[in-house]
Amino acid sequence: MTTRVRFAPSPTGYLHIGSARTALFNYLFAKNTGGKFLIRVEDTDQQRSTEESLASILDGLKWLGFAPDEEIVFQSDNADKHRAIALKLLEEGKAYRDFTPKEDHSSKNIKQEIADKARREGGEKDMRDNEYRDVSNEESDAKAESGEPFAIRLKVAKTGKTSFEDAVYGEQERDYADIEDLVLLRSDGHPLYNLAVVCDDIEMNITHVIRGQDHLTNTHKQILIYEALGKEKPTFAHLPLILAPGGKKLSKRTHGEIVSMTTYRDAGFIADAFRNFLALLGWSAGEEQEIYSLDELVEKFSLDRIHQSNATFNFDANNERRWTDDKAIWMNAEYIRTMKLDELIPLVREEMRNEKLWREEYDDDDKQWFEATIDLIRERFYTLKDFSGQGRAFFSEDFDYDKKAIEKNLKKHEDLRQWLPELAEKFEALEDFSHDAIFETVKEFCEEKGTKVGVVLNGARVVLTGQAVGPSMVAAIEQLGKDKTVMRLKSQVAWNE
RNA sequence: GACCGAUUCGUCUAGGGGUCUAGGACACCGCCCUUUCACGGCGGCAACACGGGUUCAAAUCCCGUAUCGGUUACCA
């Protein structure tokens with residue numbers, strides 16, 4: 001039997017980092033087992049579902065490279081089927097009409113309200129105390145015919161328990177006494193989540209349900225539906241959650257854009273790097289290797305190596321350098337400096353196009369120079385943004401000077417104000433502007449002035465690139481070329497910043 | 001509150017009775033390298049939540065406690 005898994009986002013926000021990880025694990029599992037990876041959009045909550053949200057989620061999935069193997073299913077298209085199934089269950093006596101008027105919740109603190117109510121009721125509450133549970137069919141039919149609105153609830157047996165073997169968490173049991181008679185169909189005829197999920201998973205022939213641990217206890221309710229329907233249940237695999245620092249829930253409301261996938265794409269992350277990082281949040285191959293290509297991840301992935309404890313996604317909103325997880329940033333840098341140059345170039349090209357730094361010559365006459373330059377400067381970069389930011393001076397005269405660099409490497413050595421233009425003259429006289437010649441020139445110049453090479457080189461770095469850090473300065477000068485080097489060394493712009 | 005789950009360095013994690021004076025990665029710190037910097041190399045700091053068992057032996061098994069998380073909707 002081929003495995004079939006689905007990623008089932010509800011389009012009520014952008015693609016959350018935790019959802020992205022769920023999508024990744026589904027994808028890896030499908031490919032590892034030679035199965036199908038499907039996408040089902042759970043848009044039954046009409047109130048909260050939006051087009052933008054859907055577009056953003058699909059965008060994020062596309063960026064990460066998770067293309068579905070079959071057409072995307074929209075859950076709302078199946079509402080009629082879900083309704084029919086609920087009615088069938090009612091007919092069979094496995095569900096009943098509940099004429100209790102709908103309770104209204106003030107929209108803001110629903111979670112809190114429910115928790116408070118549950119606390120008040122304590123463990124005393126009898127889950128089978130619904131007064132309509134055992135009314136006769138005749139009475140129920142009559143009320144329905146008279147037009148009284150009703151919801152349809154599943155009739156959960158009084159004693160017994162459900163159980164299933166979770167592929168991650170192991171044997172799971174829950175007493176019927178702890179499960180309420182869940183609502184299948186709302187009084188307005190709208191099918192609810194647990195029903196819709198089960199029906200669609202059956203319809204789509206899903207063999208493995210891989211989803212967040214927040215669904216673990218609700219799984220028992222779904223099993224009850226599978227049983228009422230007389231259908232075989234799939235294998236369940238629940239994933240540990242991804243938390244914010246301090247072990248709190250990672251949410252848009254409190255943490256903002258940091259939880260959105262598109263933030264990372266827009267911040268210059270490489271999809272492969274981020275996917276690699278995500279894979280290691282809640283799963284590991286049990287070896288010391290940490291950098292994995294997609295193919296390697298697919299090959300090594302298995303459900304039994306998924307962790308059972310939640311992971312913290314580490315970041316500090318008050319620290320610009322630590323705006324997101326250190327390890328994610330490191331991994332991105334690692335990919336930038338070690339990936340194949342011809343895989344990196346297209347990504348840099350796109351970034352430069354967006355920043356209006358791209359020139360057609362880079363793909364033509366200046367191709368060699370461009371590639372050599374990228375190869376040189378990638379060494380210290382963390383994101384794709386750095387190519388248009390810190391690396392800007394290599395492609396444009398319009399670049400910024402880092403204030404700290406000016407203070408530390410330029411203004412602290414007032415002599416450089418004269419020396420740098422003097423050095424420019426020496427360079428100008430150079431016929432052969434090669435690495436060795438440049439270095440010899442600098443060295444002689446420093447001996448003449450009785451200063452350390454570092455002082456001149458660091459000062460030159462600021463004037464030439466606007467930065468305090470970068471690749472080997474001599475190599476950078478060679479790459480920049482004689483004209484630009486001479487011009488910038490003579491310029492007083494940086495001094496006036 | 002009830003039910004469910006988890007708990008190894010600051011973070012991600014290895015480990016599943018002896019090989020653990022607990023390994024790796026990120027971050028941090030130091031040294032070296034580059035006659036220069038946030039590369040690289042080497043090294044350092046740093047953890048088995050707590051208490052009881054079981055056992056010749058427990059980070060690993062069992063029980064309790066604590067803490068954290070999840071669920072408890074006519075949301076998904």
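So that the names make sense, note that chain A is the first sequence line, chain B the second, and so on, each numbered from 1. All values below come from the heavy atoms of this structure, side chains included, with hydrogens, waters and symmetry mates left out.
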Tell me what [X] touches on the nucleic acid: a base, only sugar-phosphate, or nothing, going by heavy atoms under 4.0 Å.
X	answer
Gln467(A)	nothing
Ser10(A)	sugar-phosphate
Tyr193(A)	base
Pro149(A)	nothing
Lys102(A)	base
Asn458(A)	base
Thr12(A)	nothing
Arg153(A)	sugar-phosphate
Lys221(A)	sugar-phosphate
His238(A)	nothing
Gly470(A)	base
Lys249(A)	sugar-phosphate
Leu241(A)	sugar-phosphate

From [options], nucleotide with atom closest to [X] side chain:
X	options	result
Arg186(A)	rG23(B), rC75(B), rA6(B)	rC75(B)
Glu180(A)	rG70(B), rU72(B), rA2(B)	rU72(B)
Trp330(A)	rC4(B), rC26(B), rU35(B)	rC26(B)
His215(A)	rC68(B), rG70(B), rA76(B)	rA76(B)
Leu457(A)	rU71(B), rU36(B), rG5(B)	rU36(B)
Asn218(A)	rU11(B), rU72(B), rU35(B)	rU72(B)
Val453(A)	rC28(B), rA76(B), rU35(B)	rU35(B)
Asp326(A)	rA27(B), rC4(B), rU72(B)	rA27(B)

Original post:
Thinking salt bridges, do Arg40(A) and Glu203(A) make one under a 4.0 Å N-O criterion?
Top reply: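 Judged by the 4.0 Å cut-off on N to carboxylate O distance, Arg40(A) and Glu203(A) do not form a salt bridge.
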Subject >> Sidechain N-carboxylate O distance under 4.0 Å for Glu287(A), Lys300(A) >> reply: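 The answer is yes: the pair qualifies as a salt bridge.
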Original post:
More 5' along RNA chain B: Asp188(A) or Val474(A), using each one's nearest nucleotide?
Top reply: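 Its nearest nucleotide being more 5', the pick is Val474(A).
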**OP:** Applying salt bridge (Lys or Arg N to Asp or Glu O under 4.0 Å) between Asp181(A) and each of Arg133(A), Arg153(A), Lys155(A), report the one that passes.
**Re:**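 Among the candidates, only Arg133(A) passes.
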Original post:
Please give, in whole Å, the distance from rA73(B) C1' to Ile110(A) CD1?
Top reply: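 Answer to the nearest Å: 7 Å.
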Can you tell me, in whole Å, how much space there is between the [atom1] of [N] and that of [M]?
N	M	atom1	answer
rA6(B)	rG24(B)	C1'	23 Å
rU19(B)	rA66(B)	C1'	33 Å
rC32(B)	rU13(B)	P	36 Å
rA25(B)	rU35(B)	P	28 Å

Subject >> For Pro191(A), the option from His82(A), Lys81(A), Gln75(A), Arg186(A) that meets side chain to side chain contact (heavy atoms under 4.5 Å, CB included) >> reply: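 Per the side chain to side chain contact (heavy atoms under 4.5 Å, CB included) rule, the option paired with Pro191(A) is His82(A), out of His82(A), Lys81(A), Gln75(A), Arg186(A).
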Distance from [X] atom [atom1] to [Y] atom [atom2], nearest 0.5 Å?
X	Y	atom1	atom2	result
Gln479(A)	Thr465(A)	CD	OG1	13.5 Å
Leu250(A)	Ile242(A)	CG	CD1	7.5 Å
Phe315(A)	Asp326(A)	CZ	CG	12.0 Å
Phe25(A)	Leu278(A)	CZ	CG	7.5 Å

Which one is paired to [N], where only Watson-Crick or G-U wobble pairs with both distances under 3.5 angstrom count?
N	answer
rG51(B)	rC63(B)
rC37(B)	none
rG5(B)	rC68(B)
rG44(B)	rC28(B)

What nitrogen or oxygen pairs link the protein and nucleotides 12-18 of chain B at under 3.5 Å?
{"unit_1": "rC12(B)", "atom_1": "OP1", "unit_2": "Thr312(A)", "atom_2": "N", "d": "2.6"}
{"unit_1": "rC12(B)", "atom_1": "O2'", "unit_2": "Leu280(A)", "atom_2": "O", "d": "3.0"}
{"unit_1": "rC12(B)", "atom_1": "O2", "unit_2": "Lys327(A)", "atom_2": "NZ", "d": "3.2"}
{"unit_1": "rU13(B)", "atom_1": "OP1", "unit_2": "Gly282(A)", "atom_2": "N", "d": "2.5"}
{"unit_1": "rU13(B)", "atom_1": "OP1", "unit_2": "His307(A)", "atom_2": "ND1", "d": "3.2"}
{"unit_1": "rU13(B)", "atom_1": "O3'", "unit_2": "Ser284(A)", "atom_2": "OG", "d": "3.4"}
{"unit_1": "rU13(B)", "atom_1": "O3'", "unit_2": "His307(A)", "atom_2": "NE2", "d": "3.2"}
{"unit_1": "rA14(B)", "atom_1": "OP1", "unit_2": "Ser284(A)", "atom_2": "OG", "d": "2.9"}
{"unit_1": "rA14(B)", "atom_1": "OP1", "unit_2": "His307(A)", "atom_2": "NE2", "d": "3.0"}
{"unit_1": "rG15(B)", "atom_1": "OP1", "unit_2": "Arg305(A)", "atom_2": "NH1", "d": "3.3"}
{"unit_1": "rG15(B)", "atom_1": "OP1", "unit_2": "Arg305(A)", "atom_2": "NH2", "d": "3.2"}

**OP:** Determine whether the aromatic ring centres of Phe399(A) and Phe394(A) lie less than 6.0 Å apart.
**Re:**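 So the answer is no for these two rings.
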**OP:** Indicate whether any N or O donor in one side chain lies under 3.5 Å from an N or O acceptor in the other, for Asn314(A) and Thr312(A).
**Re:**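 Not at all, the side chains of Asn314(A) and Thr312(A) share no donor-acceptor pair under 3.5 Å.
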Original post:
Any side-chain donor-acceptor pair under 3.5 Å between Tyr264(A) and Thr324(A)?
Top reply: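 Their side chains do contain a donor-acceptor pair, which is all the 3.5 Å distance test asks for.
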**OP:** For rA6(B), take OP1 and OP2 only and decide whether either is under 4.0 Å from a side-chain N or O of Gln308(A).
**Re:**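 Yes, within the criterion.
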Give me, pair by pair, the N or O atoms of the protein and of nucleotides 29-34 of chain B that are less than 3.5 Å apart, along with how far apart they are.
none

Original post:
What do you reckon, is CG of Asp400(A) surrounded by more than 12 foreign heavy atoms closer than 6.0 Å?
Top reply: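 Check fails, neighbour count at 12 or below.
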Original post:
Does a distance-only test, which skips hydrogens and angles, find a donor-acceptor pair under 3.5 Å between the side chain of Arg48(A) and the base of rC75(B)?
Top reply: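 Checked by distance alone, the answer is yes.
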Original post:
Going by modelled atom types, is there a donor-acceptor pair between the base of rC74(B) and the side chain of Ser187(A) at under 3.5 Å?
Top reply: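 For Ser187(A), whose side chain was compared with the base of rC74(B), there is a donor-acceptor pair (under 3.5 Å).
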